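A short worksheet on the structure shown next.
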2 protein chains.
Amino acid sequence: MQHPPKDKPSSPTADRRREIAAAARSLIAERGFEGLRTRDIAARVGINVATLHYHVPTKETLIGLVAQSLRDDFIAQHESRPRDTLSPRERLISEFDDFRENLTDNAELFKVMAELQERARRDPVVSDVIRPMQAFWFAQVAEVLARGRDDGSFRHDLDPEAGALLVLGAMIASQRHPNASMALFDGVCAELLRSLENPSPPDAGRGPAARQAPAPKPSFGKSPLKNSTKVP
Amino acid sequence: MQHPPKDKPSSPTADRRREIAAAARSLIAERGFEGLRTRDIAARVGINVATLHYHVPTKETLIGLVAQSLRDDFIAQHESRPRDTLSPRERLISEFDDFRENLTDNAELFKVMAELQERARRDPVVSDVIRPMQAFWFAQVAEVLARGRDDGSFRHDLDPEAGALLVLGAMIASQRHPNASMALFDGVCAELLRSLENPSPPDAGRGPAARQAPAPKPSFGKSPLKNSTKVP
DNA sequence: CACGCTCAATCAAGTGATTGATGGAGGGCG
DNA sequence: CGCCCTCCATCAATCACTTGATTGAGCGTG
């Protein structure tokens, strides 16, 4: 987006802006935009309100800054994943694992994301930052589904875009559920796999008997994937 | 919930409160809670701010009132549907149609619902009203899926609760999508049906040939259902 | 009917508190 | 000195909510 040799500006001002964005993020996660006050952000950073306004001229730009920091985190995380070496099914499971990982040690991210999602309805600054991120995520899943359909591991009549909405919608819904838990999320992932997989795979010899047992629970931890197919 | 002979209290005060709740709802849909001002609500009703505070003592109770009015609408609508005469598959499609119907001529409802969903995180007053409503919806879908699994129309290994999260999550996600449209929603519904239906039904003679065509588009308008099974 | 009283409903005009934002005066450091 | 950076003090605007007064409909009593 900016100058290429600017991987980490690390100037003191840029650091302050990152601190401010981080403080704003945690406060948004706690109280939402409705209760977001510049004074509170400044207090959490440990600076004066005027100092905050020196670094970030207005509240609106501050919110834009939060949206950008969230997008940067999201994209950096998704680009650091191994992609081309995995089969479609493995990549889908990897998507589940990514989500689960964020769910545990990055819970704040989802709350802020939900809050930004609502705000994107009215704020074009937020919308311009958030929407491409969602579109990127959506397209990535849709592409995985399309490849899996074409190679026979997913259903032949699978609509990749609709399927991507199933996957993302179900993952997010499992987290918004009142009784949200990791077991619920795992159950949803297993159900997604059963819903998308080809019931009669052309090459694999799993046979139709596997579809009789209710909820087989494939137990896809990250471990059984990391060393299954490394590189040809 | 209240006295049985109180279907429509229709006292002038209760009417005013309903007017206020309606105005607040539309304003929340437009600007969210962040931009909700008691002055604006009063102006939309056509009364003074003091008069509004005469009817609704505080802003918090006003928001609770909005939540209640939303829940009442939701439950009234869901209880007015024919339930016991339909097969599980028909009831699922009826759920799609309900959602689609609200999507077109009740769009405000979903915006307010999303807004309340976020607020329920921190406001116990809203939470106590919204959560049971969602639980009711969720349980209703899960029960339909369980019945459909048991009678063979849905997959044998279908997990009803996880499946309900698939259905609700996908429907909601299709509406939050940046390029949301009715065609997208219909595609998601079709994909949900393909995902949940039994690929080898025991009694029906549809045959496996129907599963080869990509995206068959069953075209489930409301019309083919409304007069198929009326009442014995 | 007429008079006096009550009370729900409404309003104009505030009240104090809070908010985002500013201006100018320092402070530390090269 | 000059340049970032920080803070104190303050502003104008806005907020939810209150105050005190007015209206008019109902209602009993003589």
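No experiment lies behind these values; they were computed from the predicted model shown. Chain naming here is simple, since letters A, B, ... match the order of the sequence lines and numbering starts at 1 in each.
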Reading 5' to 3' through nucleotides 21-30 of chain C, protein heavy-atom contacts under 4.0 Å coded B for base, S for sugar-phosphate only, - for none: BBB-------
Do the side-chain N or O atoms of B:T51 get closer than 4.0 angstrom to the phosphate oxygens (OP1, OP2) of C:dC11?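 For B:T51, the contact criterion (side-chain N or O under 4.0 Å from OP1 or OP2 of C:dC11) is met.
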So, is A:R16 close to the D:dT6 phosphate, meaning a side-chain N or O under 4.0 Å from OP1 or OP2?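 Yes.
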Could you work out which one of C:dT10, D:dC5, D:dC7 sits closest to the side chain of A:I47?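 Between C:dT10, D:dC5, D:dC7, the one nearest the side chain of A:I47 would be D:dC7.
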Considering only side-chain heavy atoms of A:Y54, which listed nucleotide, C:dC11, D:dC4, C:dA9, is closest?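 When the side chain of A:Y54 is considered, D:dC4 is the closest of C:dC11, D:dC4, C:dA9.
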List for me each residue that meets side chain to side chain contact (heavy atoms under 4.5 Å, CB included) alongside A:I47, sequence neighbours excluded, and say none if there are none.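 Expected list: A:R16, A:I20, A:A42, A:V45, A:T51, A:L52.
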Tell me, yes or no, whether the heavy-atom count around [X] atom [atom1], taken from other residues, nucleotides or ligands under 6.0 Å, exceeds 12.
| X | atom1 | value |
| --- | --- | --- |
| A:E60 | CD | no |
| A:Q175 | CD | yes |
| B:K111 | NZ | no |

Go through residues 22-37 of chain A and report each residue with a non-hydrogen atom lying under 4.0 Å from DNA chain C, sorted by number.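 Heavy-atom cutoff 4.0 Å gives A:L36, A:R37.
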Between the side chains of B:E115 and A:R122, is the shortest nitrogen-to-carboxylate-oxygen separation below 4.0 Å, so that they form an ion pair?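 Looking at B:E115 together with A:R122, the answer is yes, because their closest N to O distance falls below 4.0 Å.
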Does a salt bridge link B:E95 with B:R91, judged by any charged N lying under 4.0 Å from a carboxylate O?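 Salt bridge between B:E95 and B:R91, a charged N being under 4.0 Å from a carboxylate O: no.
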Apply side-chain hydrogen bond (donor to acceptor under 3.5 Å, both in side chains) to A:E118 and list each qualifying residue two or more places apart in sequence or on a separate chain.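 Counting only residues at least two positions away or on another chain, A:E118 forms a side-chain hydrogen bond (donor to acceptor under 3.5 Å, both in side chains) with A:R121.
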A:D73: which residues meet the side-chain hydrogen bond (donor to acceptor under 3.5 Å, both in side chains) condition with it, sequence neighbours left out?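 Applying side-chain hydrogen bond (donor to acceptor under 3.5 Å, both in side chains) to A:D73 gives A:R25.
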Is there a side chain to side chain donor-acceptor pair (under 3.5 Å) between B:N106 and B:Q77 once you walk through the steps? CA-CA 12 Å; B:N106 222 354; B:Q77 188 184 34; 5.5 Å; no
Can you name the atoms? Protein N/O to nucleotides 21-25 of chain D N/O, anything below 3.5 Å, with the distance.
none

Main-chain N/O of B:D159 paired with A:E191 side-chain donor or acceptor, under 3.5 Å: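 Judged by distance alone, yes, a pair lies under 3.5 Å.
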Is there a donor-acceptor contact under 3.5 Å from the side chain of A:S181 to the main chain of A:L184?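 At least one qualifying donor-acceptor pair exists.
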Distance in angstrom units between [X] [atom1] and [N] [atom2], rounded:
| X | N | atom1 | atom2 | result |
| --- | --- | --- | --- | --- |
| A:H55 | D:dC7 | NE2 | C1' | 12 Å |
| B:L52 | D:dC17 | CG | C1' | 11 Å |
| B:I41 | D:dC15 | CD1 | P | 12 Å |

